[in-house]
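Heads up, the thing below is written out as structure tokens.
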Amino acid sequence: MAKQNVSEQFVDILVRAGVKRLYGVVGDSLNPVVDAVRRHSAVEWIQVRHEETAAFAAGAEAQITGTLAACAGSCGPGNLHLINGLYDAHRSMAPVLALASHIPSSEIGLGYFQATHPELLFQECSHYNEMISNPQQMPRLLQTAIQHAIGRGGVSVVSMPGDIASQPAPEKSIEHALVTSRPTVRPGDEEIDKLCAMIDKAKRVTLFCGSGTAGAHAEVMEFAERVKAPVGHALRGKEWIQYDNPYDVGMSGLLGYGAAYEATNECDLLILLGTDFPYNAFLPTDVKIVQVDVRPEHLGRRSKLDLAVWGDVRETLRCLTPRVKVKTDRKFLDRMLKKHADALEGVVKAYTRKVEKHVPIHPEYVASVLDAVADKDAVFTVDTGMCNVWAARYLTPNGRRRVIGSFSHGSMANALPQAIGAQFTDRNRQVVSMSGDGGFTMLMGDFLTLVQYNLPVKVVLFNNSSLGMVELEMLVAGLPSFGTTNKNPDFASIARASGAYGVRVEKPKQLEGALKDAFRHKGPALVDVVTDPNALSIPPKISADMVTGFALSASKIVLDGGVGRMLQMARSNLRNVPRP
């Protein structure tokens with residue numbers, strides 16, 4: 001039996017850890033590893049057009065599957081291209097192993113061609129970042145990197161010079177059982193007792209939920225019923241907590257809607273569940289706040305806490321709920337539910353008036369129709385910017401759909417590459433990239449990756465020929481928009497020239513049929529929808545400084561935006577409020 005080299009051993013360990021694909025661009029120092037992948041039947045090399053796409057795709061795959069995903073870049077500029085997608089994966093707590101191939105080991109530190117220092121470059125976007133400088137370090141270093149990525153939730157980076165990758169693997173190397181899943185964390189009894197006492201004392205309790213409530217929907221609903229608490233959410237908590245939620249009061253933050261802001265600011269005890277919500281201006285300063293989070297470093301970094309609870313949300317609530325007293329007073333909850341319904345009633349008209357005649361098309365209308373015709377278990381990947389707004393307000397979660405975006409890192413150009421990673425996990429599941437024209441064109445080359453692998457991703461392009469969110473930022477600051485206009489081609493024609501399905505939509509009456517036709521197409525498809533550049537969104541609460549900014553830019557048309565089928569849910573919840 002032929003002796004393994006380091007690259008072959010590297011690939012074997014990745015396969016044992018559950019990696020099924022390695023996303024990247026081939027080249028020089030990376031070639032030994034790519035060749036090892038070529039000869040291994042259990043792992044696939046996914047050739048993308050840009051390494052940033054590789055990292056975004058791996059991050060999306062990890063978020064969909066909950067298991068380790070991997071990407072790779074060749075020495076110097078190749079692995080440097082990974083960094084933006086790795087930042088996103090790390091901030092999304094997606095377990096990703098990145099291979100940063102390196103220049104020849106004998107040339108490190110001597111200003112060699114394409115020389116960089118990956119062990120420094122990736123330090124801030126990883127839990128573990130080390131270089132293999134000797135074959136004897138394999139496989140322990142790689143195993144350690146894998147366990148950091150899985151155990152802590154985030155990125156590990158392994159740097160490896162190309163000459164080391166080609167050397168014989170050490171004999172009798174130590175290989176141990178790999179950690180492939182994370183445990184749950186239960187708070188101590190002392191914290192549970194303190195939290196129970198605070199809840200029993202409070203008259204008005206509000207829950208604000210983030211992505212840490214994944215898998216805890218039933219527990220959150222049971223707890224909310226027991227303490228009669230309105231339930232708001234951050235954007236990353238939407239898919240996990242909004243569906244089948246009779247206590248829903250919407251979302252807070254810059255993209256928010258409904259009564260979530262009021263519910264978090266008018267309670268006397270706010271409980272933050274699994275959220276690292278970054279916008280502390282939307283959090284109250286004069287109510288008691290408790291935070292429950294599995295990552296202790298997140299506790300208290302956004303607001304002053306009256307109690308910090310280190311624990312998994314589901315396990316915490318399982319311990320807590322039976323111990324708190326049942327509250328019978330629904331006045332606060334019912335008042336928030338009514339405020340929520342009234343708020344949605346007021347803004348939904350912004351996109352329903354004569355939408356079938358409005359040209360350019362309202363983007364709110366596009367998102368609403370997309371929500372209606374997409375599959376019930378679709379995966380939506382969402383570009384940063386105005387697409388975040390439309391996804392937050394119009395996509396209806398149901399416990400089976402997934403919504404992935406660069407919600408913590410806030411990078412442009414994330415939707416298309418994330419759709420690639422999501423689609424590779426299941427070719428039969430509908431994956432929809434909600435792309436803005438700015439983000440799409442930034443990594444448009446990887447539309448060709450869809451064609452090359454015949455990935456049936458459906459790109460719905462919100463084409464307003466502008467950087468809409470940047471225009472809004474300028475508007476709020478009282479600045480005239482500048483440098484935000486894009487001169488765009490007919491993207492549908494580009495899609496067709498690439499070998500994909502492409503259709504351009506300029507009138508509202510064409511939209512539903514165009515989406516359905518694209519979704520029925522077996523391969524990749526792009527729907528280029530020309531949308532209104534003046535359709536902007538405003539936050540649920542606006543400061544005096546913001547108002548001044550709007551006044552100075554009064555010539556702009558600012559739509560508050562609708563909220564799709566969430567209005568129906570709010571009306572339904574309101575009907576369930578007991579009448580005196």
Side-chain angles (χ1 to χ4, degrees), residues 4-27 29-48 51 54-74 78-79 82 85-86 89-90 94-102 118 122 126-132 135-162 164-170 173-182 420-421 424-425:
Q4 277 190 321
N5 65 22
V6 171
S7 291
E8 291 166 333
Q9 188 181 57
F10 188 97
V11 173
D12 274 349
I13 294 170
L14 288 184
V15 171
R16 282 205 302 123
V19 171
K20 293 181 172 61
R21 282 161 288 274
L22 192 60
Y23 300 88
V25 179
V26 298
S29 58
L30 188 57
N31 289 341
V33 174
V34 176
D35 187 63
V37 172
R38 178 184 65 82
R39 291 180 282 107
H40 203 299
S41 60
V43 66
E44 184 180 8
W45 175 258
I46 304 301
Q47 176 187 346
V48 296
E51 289 92 349
F56 271 123
E61 179 181 321
Q63 290 180 70
I64 292 292
T65 64
T67 59
L68 185 70
C71 58
S74 58
N79 65 59
L82 294 170
L86 292 183
H90 195 57
V96 170
L97 188 285
L99 170 60
S101 189
H102 206 355
F122 298 103
S126 64
H127 291 304
Y128 185 86
N129 178 22
E130 296 289 349
M131 183 172 70
I132 298 171
Q136 298 297 325
Q137 291 175 276
M138 279 286 293
R140 288 184 298 158
L141 189 147
L142 179 57
Q143 291 171 156
T144 302
I146 289 169
Q147 292 179 177
H148 272 79
I150 295 172
R152 297 186 65 184
V155 171
S156 283
V157 180
V158 173
S159 307
M160 183 162 62
I164 300 294
S166 298
Q167 291 184 22
S173 58
I174 299 172
E175 293 188 18
H176 56 72
L178 291 169
V179 171
T180 56
S181 61
R182 299 178 67 191
I420 291 171
F424 267 115
T425 68

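Heads up: numbering here begins at 1 and tracks the sequence. The figures here come from the full heavy-atom set of this structure, side chains too, leaving out hydrogens, waters and symmetry mates. None of the values given here were measured: they were computed from a predicted structure.
Looking at Ser101, its side chain does come within 3.5 Å of a backbone N or O of Ser29 through a donor-acceptor pair. Between the side chain of Glu8 and the main chain of Asn5, a donor-acceptor pair closer than 3.5 Å is present. Although no hydrogens or angles enter the test, the distance criterion places no donor-acceptor pair under 3.5 Å between the side chain of His102 and the main chain of Ser159.
Residues Lys20 and Thr65 fail the side-chain proximity criterion, which asks for heavy atoms closer than 4.5 Å. The shortest distance between side-chain heavy atoms of Leu14 and Val43 does not fall below 4.5 Å. In this structure the side chain of Pro118 never reaches within 4.5 angstrom of the side chain of Met131, judged on heavy atoms. In this structure, the side chains of Ser126 and Leu86 stay at 4.5 Å or more apart for every pair of heavy atoms. Looking only at side-chain heavy atoms (C-beta outward), Thr144 and Gln147 stay at 4.5 Å or farther from each other. Contact of the Val19 side chain with the Ile146 side chain is not registered, since no non-hydrogen atoms from C-beta on lie closer than 4.5 Å. Side-chain contact between Gln137 and Met160 is absent, with no heavy atoms from C-beta onward closer than 4.5 Å. Looking at heavy atoms from C-beta onward, Pro32 lies out of side-chain contact with Val6 at the 4.5 angstrom threshold.
Taking every heavy atom of both residues into account, Ala58 and Cys71 meet most closely at CB-CB, 4.1 Å. Between Pro170 and Gln9, the shortest heavy-atom contact is CD-OE1, 4.1 Å. Across every non-hydrogen atom of Met138 and Ile132, the tightest pair is SD-CD1, 3.6 Å. Counting all heavy atoms, side chain and backbone alike, Ala55 lies closest to Leu82 at CB-O, 3.4 Å. Between Asp12 and His40 the shortest heavy-atom distance is OD1-NE2, 2.9 Å. When all heavy atoms of Ser166 and Ser7 are compared, the pair lying nearest together is N-OG, 4.5 Å.
The structure places CD1 of Ile164 at 10.5 Å from CD of Gln136, a figure rounded to the nearest 0.5 Å. Leu97 CG to Ile13 CD1: the interatomic distance, rounded to the nearest 0.5 Å, is 10.0 Å. Residue Arg16 holds its CZ atom at 9.5 Å from CG of Leu142, rounded to the nearest 0.5 Å. Expressed to the nearest 0.5 Å, how far CG of Leu141 lies from OH of Tyr128 amounts to 3.5 Å. Distance CD1/Ile420 to CD/Glu61: 12.0 Å, rounded to 0.5 Å. For the atom pair CD of Glu51 and CG of Leu30, the computed distance is 9.0 Å after rounding to the nearest 0.5 Å.
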- request: Any chance you could lay out the side-chain contact (heavy atoms from CB on, under 4.5 Å) test for Val11 and Leu22, step after step, and finish with the verdict?
  value: CA-CA 10 Å; Val11 173; Leu22 192 60; 5.8 Å; no

field: Val155 and Phe122: CA distance, side-chain angles, deciding distance, side-chain contact (heavy atoms from CB on, under 4.5 Å) verdict
entry: CA-CA 9 Å; Val155 171; Phe122 298 103; over 6 Å; no

- request: Give the C-alpha distance, both sets of side-chain angles, the deciding distance and a yes or no for salt bridge (Lys or Arg N to Asp or Glu O under 4.0 Å) between Asp35 and Arg39.
  value: CA-CA 6 Å; Asp35 187 63; Arg39 291 180 282 107; 3.0 Å; yes

